[in-house]
Amino acid sequence: MTWPDSALPTTYDAAATEATWYPTWTEHGVFTADPARAATREPFVIVIPPPNVTAVLHMGHGLNNTVQDVLIRWRRMAGDEALWVPGTDHAGIATQNVVEKQLAAEGKTRFDLGREPFVQRVAEFVDKTGGEILNQLKSIGASADWSRTAYTFSPELSRSVRETFVRLHEDGLVYKGHRVIHWCPRCGTSLSDEEAEFTDTNGKLYHLRYALANDASQFITVATTRPETMLGDVAVAVNPDDERYQALIGQEVILPLNGVRIPIVGDSYTDPTFGSGAVKITPAHDANDFEVGKRHQLAMPVIIDAEGFVREVEGAAGRVPAELSGLDRFAARKAIVQLLEAAGALVKIENHAHSVRHCYRCDTVVEPRLSDQWFVKMQPLADKALAALRTGELRILPERWEAVYVNWLEGIRDWNISRQIWWGHRVPVWYCESSCGETPIVSRTDVTQCPGCSGSVRQDEDVLDTWFSSWLWPFSTLGWPEKTPDLKAFYPGDVLVTAPEILFFWVARMVMSGCWFLDKAPFHTVYLHGTVRDMQHRKMSKSLGNGIDPLDVVKLYGADALRWTMVAGLGLGVDIMLDPNDLEKSFSPGRNFCTKLWNIGRFLLSRVGTDPVAPVSSLDRAQLAPADRWILERLDIAIADCDAALGPARPSTAEHWAELERGRGLRLSEYAEAARRFVWNELADWYLESIKPRLAAEGTADREVARAVLAHAFDGALRLLHPIVPFITEELWQKLPQTPQGTFLAQAAWPVHSGEPAGAGAGFEMVRESVAAIRQVRAEYNVNPGAWVDAVLVATADTQDMLALQADTVGSLARAKVRVETSNPGGAAAQVLLSGGIELVVPLAGMVDLEKEKQRLDTEIVQLDKQLTALDARLANEGFVSKAKPQVVEAERAKATEWRTRLTQLRDKRTSLGA
RNA sequence: GGGCGAAUAGCUCAGCUGGUUAGAGCACCUGUCUUACACACAGGGGGUCGGGGGUUCGAAUCCCUCUUCGCCCA
């Protein structure tokens, strides 16, 4: 017979499908959460790690947002009130740098423009080009609630930021400190500890000698990696327990080059084993030296300015020789080393591997610098964040990151939150311009005159660290400090998905702010995924040029192919390798999978058609063929596997993770594999093939059963797969005969166990084994693939009926004319022993190679005999039988019995073939 | 310098609280354009689980140690 043309085109058109469904979903508000509904549905909330407002989508975003979308779509289908809050970060330093670069191209600096016009210009730039990344996220299918799109620098979020600063000040946790901080001379701002990244560097260790003041013939040698700072030295420190130097403590040395007299002090900070055991102390240019300087009440001359040039900046009169003044710090290093050598003060230069801090935004070497900055006292906040993890209110996956989190929090240091840039939230502090004695005014609202003397005020020049707004993201986006319905319904959220790189920058700080301001951790699960790397395991980056543009992949293979490839390869916390030079190779798994799904859909629509199908629950169980029961059981198992891989979605009891389930769930690759196995290896490879004859039997009741079961099984598969490949599954689902008009798969119910009894598929397993055996024989004997062979299934009393029922199915799947008999017909034939005592006999008239058959049996006998011998030895071992768990021993005994029977049968068969 | 992780098939990885005849995908080999699908189907080869010690009736799995690689922190 001829089949009607499929309702579907022969190839899947990803672009057209994506262009259809995304706008349709958004028009119907599929992604929009409603706090009113959260009364009857469990809310499930994810906040996006806000990309920089000027960012362009890269593979890391692709991975991060695909994971979030998988989770949010899963929960949406599972009946939760799912909310995914999208938005962007104003990214203070990064964004300012972008605009400064534009200005540089025009030959200008931000100072040429002045503060107000510059901020204006950045704002315009952001308005015009910013947030494009959110549109790019739509093209990979991100089902975020765009009606709630947030921005860290919006008026609403700015209000949260100011509230936070003021409240922390009221709590006594914000203070202004004078100390050595990390300074980026290129960005012209201070940085937090986290923003000054370590880079391993092969540097030099310079050994300098300073002459004693009272005896110029004696020297003390100090070792330093930064000789240029010697102009600002105020002491030489030695360990008070170091016998070599004890006598020198209290004496003075004379600095070469500038002749300044400085004392030798004893301080246990000095490590006697490092270098010469004596170190120079430059309090204004080294954080440790600053502490030593404070302990000994030493002066703190500043000899390097904000731009990184050596000169007498503060308290340094007479310290910088004229010929060195104005030199860049690195040029000054060279010059000073030469001068020291000429002066005989350079003892030696050694190679020295050490770590040098660099600005995380522009990679400039960071300069430690003495300055006034705003700090947050972190210890009280950290205590709460630690408690959240310890009580199980919070968990981190993979669990090994929990130790890293704890370690950081236990050693927490105060957070420098002020930045000397212009793009960001201005510090809400004002100072009286007269000297009326009014202390700095910290205010929620703008201050225009001094509350003390009514005189004029000026606002603090600094802006706040970008992360000081991002750390509020889980609640600032919901309207905090207002008590909004959103805040009430959707805080605390559920899962935070991000990369481990920003565990400290962002994740730990969000936990701290959430616990401090709202008394609850902002989420119960932190999911840290791996990094996208190239085939040499290098992180994809702009500078290496080894990146992949996700939009290129979407264009070439579709968003679903991109998503599938990433999710399928996403072991928990494991890096994902992709080849930027071979997109085809990298993404063909996703593309191939989509094609397979598409073709299953085409088959189904052409054979099942669009006429109504009966719900599976309405079918008479007696009508179900073994294959039907098998695939229904397999679907149940697939559902259970997917659920087990993904869940639990939240702590199942109270609000704390129980120890047993703490490490469970979010195994995305396992989920993908379970769904793939079902739809491809079970539904397509076996069920669909086995029912082809039934679907061809027009007008029969059995055809209706097969139609119903196939439609149901594919429907279940599409539901399971939708979170990973939303577009193609929606497109196919809409075409299924049983899909209700006007509904979306994106909102359809997550499948649940159908109640098929365990073992329901056992009958069909006989079919699968028989078919596999016949195919194997055919391949071994090189039977023409198109040719039909004869096959006899020798049944036992138990299996006779079942086999008779399925002989035709076996035949059609294996291209064999199958007879079921009760005794072995003998003769020249290929023979295979199946499980349950069933034998397969394939006569293969004239083709059977007796030697080959003997060989095959011999191989199998030898192997089985070896295994059985080992098993028997184990069972004969007194230690095993007495110490192993009874169930294990029992299982091994059963196995031994089975193997022994099989071995006997194999030997009989072998004997019958002769020597 | 401290901490953590990884090392299993050519590649990317599963293998969770010790008991499997060590698995998957890709790659490879042999067939097949069998009217859903060659982006596919059928069949097949390939691993002394990084080295060495130990615990145990039993170790890829637990402990120690070494080697190599990676990450985080100072």
Side-chain angles (χ1 to χ4, degrees), chain A residues 1-3 6 8 10-12 193-194 197-198 271 274 288 354-355 357 398 400-408 411 500-501 503-504 530-531 533 535 537 539 557 561 565 568-579 584-607 660 663-664 667 669-670 672-673 676-677 680-681 684-685 688-689 692 771-772 774-780 782-787 813-815 863-864 866-868 870-871 873-885 887-889 891-892 895 899:
Chain A
M1 74 177 286
T2 57
W3 300 105
S6 168
L8 296 177
T10 45
T11 53
Y12 170 57
D193 293 340
E194 290 70 33
E197 295 181 333
F198 286 99
D271 176 2
F274 181 80
N288 290 315
H354 63 135
S355 275
R357 296 238 199 195
R400 64 190 148 87
W401 286 101
E402 293 188 345
V404 179
Y405 170 94
V406 167
N407 191 275
W408 185 75
E501 288 104 276
L503 182 61
F504 306 144
T531 305
R533 298 179 183 277
M535 299 322 277
H537 296 199
K539 196 168 164 176
Y557 309 114
T565 301
L570 201 63
L572 187 64
V574 167
D575 289 344
I576 183 160
M577 313 301 166
L578 297 170
D579 190 347
E584 153 83 22
K585 185 178 160 226
S586 292
F587 296 97
S588 56
R591 180 203 54 188
N592 295 356
F593 182 68
C594 289
T595 304
K596 186 72 185 184
L597 271 187
W598 189 252
N599 280 304
I600 296 169
R602 289 210 303 138
F603 173 86
L604 186 146
L605 291 175
S606 69
R607 308 296 171 87
L660 269 176
R664 297 269 169 81
R667 265 56 175 189
S669 57
E670 289 175 25
E673 174 55 21
R676 189 204 64 80
R677 192 188 314 124
W680 195 321
N681 299 136
D685 288 349
L688 198 145
E689 292 298 334
K692 279 179 174 175
V771 171
I774 297 172
R775 282 175 178 168
Q776 210 172 339
V777 169
R778 293 181 60 121
E780 270 177 43
N782 296 319
V783 176
N784 182 330
L813 289 171
R815 290 212 161 215
Q863 208 176 351
L864 188 60
K866 209 167 91 187
Q867 280 160 2
L868 185 58
L871 185 54
R874 198 177 317 160
L875 285 166
N877 184 328
E878 180 55 31
F880 173 70
V881 180
S882 61
K883 290 181 187 169
K885 278 177 282 188
Q887 310 95 287
V888 174
V889 179
E892 298 290 83
K895 198 155 65 179
W899 285 0

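Values reported hereafter were calculated over all heavy atoms of this structure, with side chains retained and with hydrogens, waters and symmetry mates removed. Here is the naming used below: chain letters follow the sequence lines, and residue numbers restart at 1 for every chain.
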Classify the nucleic acid contact of [X] as base, sugar-phosphate or nothing, counting any heavy atom under 4.0 Å across all strands shown.
X	result
A:N407	nothing
A:R874	sugar-phosphate
A:F593	nothing
A:D685	sugar-phosphate
A:E584	nothing
A:K895	sugar-phosphate
A:A403	nothing
A:L864	nothing
A:Q867	base
A:A891	nothing

Note, A:L864 side chain near A:W899 side chain (heavy atom, < 4.5 Å)
yes
Return the value, rounded to whole Å, for the distance between atom [atom1] of [X] and atom [atom2] of [N].
X	N	atom1	atom2	answer
A:M577	B:C69	CE	C1'	12 Å
A:N592	B:C26	CG	P	8 Å
A:F587	B:U12	CZ	P	17 Å
A:I774	B:A42	CD1	C1'	14 Å
A:K585	B:G10	NZ	C1'	11 Å
A:E501	B:G70	CD	P	16 Å
A:N599	B:C33	CG	P	19 Å
A:R602	B:C39	CZ	C1'	13 Å

[atom1] atoms of [N] and [M], separation to the nearest Å:
N	M	atom1	result
B:G43	B:C62	C1'	40 Å
B:G23	B:C16	P	14 Å
B:U67	B:G10	C1'	23 Å
B:C13	B:C49	C1'	13 Å

Between protein and nucleotides 43-47 of chain B, what N or O pairs are separated by less than 3.5 Å?
unit_1	atom_1	unit_2	atom_2	d
B:G44	OP1	A:Q776	NE2	3.2

Phosphate-side-chain proximity, [X] and [N], N/O vs OP1/OP2 below 4.0 Å:
X	N	answer
A:K596	B:C41	yes
A:R667	B:C13	no
A:W680	B:C41	yes

Residue set satisfying side-chain contact (heavy atoms from CB on, under 4.5 Å) with A:F504, at least two apart, ordered chain then number -> A:E194, A:V404, A:W408
Of the candidates B:C39, B:C71, B:A74, the side chain of A:F198 sits closest to B:A74
Regarding the side chain of A:R533, the nearest nucleotide among B:C72, B:A24, B:C71 is B:C71
Judged by nearest nucleotide, the residue sitting upstream toward the 5' end of RNA chain B, A:W899 or A:I576, is A:I576
Between A:Q863 and A:E670, whichever has its closest RNA chain B nucleotide further toward 5' is A:E670
Per-residue pairing states of RNA chain B in dot-bracket (Watson-Crick or G-U under 3.5 Å; . unpaired, | other strand) read (((((((..((((.....[...)))).(((((.......))))).....(((((..]....)))))))))))).
Is a side-chain N or O of A:S586 found less than 3.5 angstrom from the main chain of A:L578, in a donor-acceptor match? no
Are A:N599 and A:R602 close enough that a side-chain donor and a side-chain acceptor fall under 3.5 Å?
-> yes
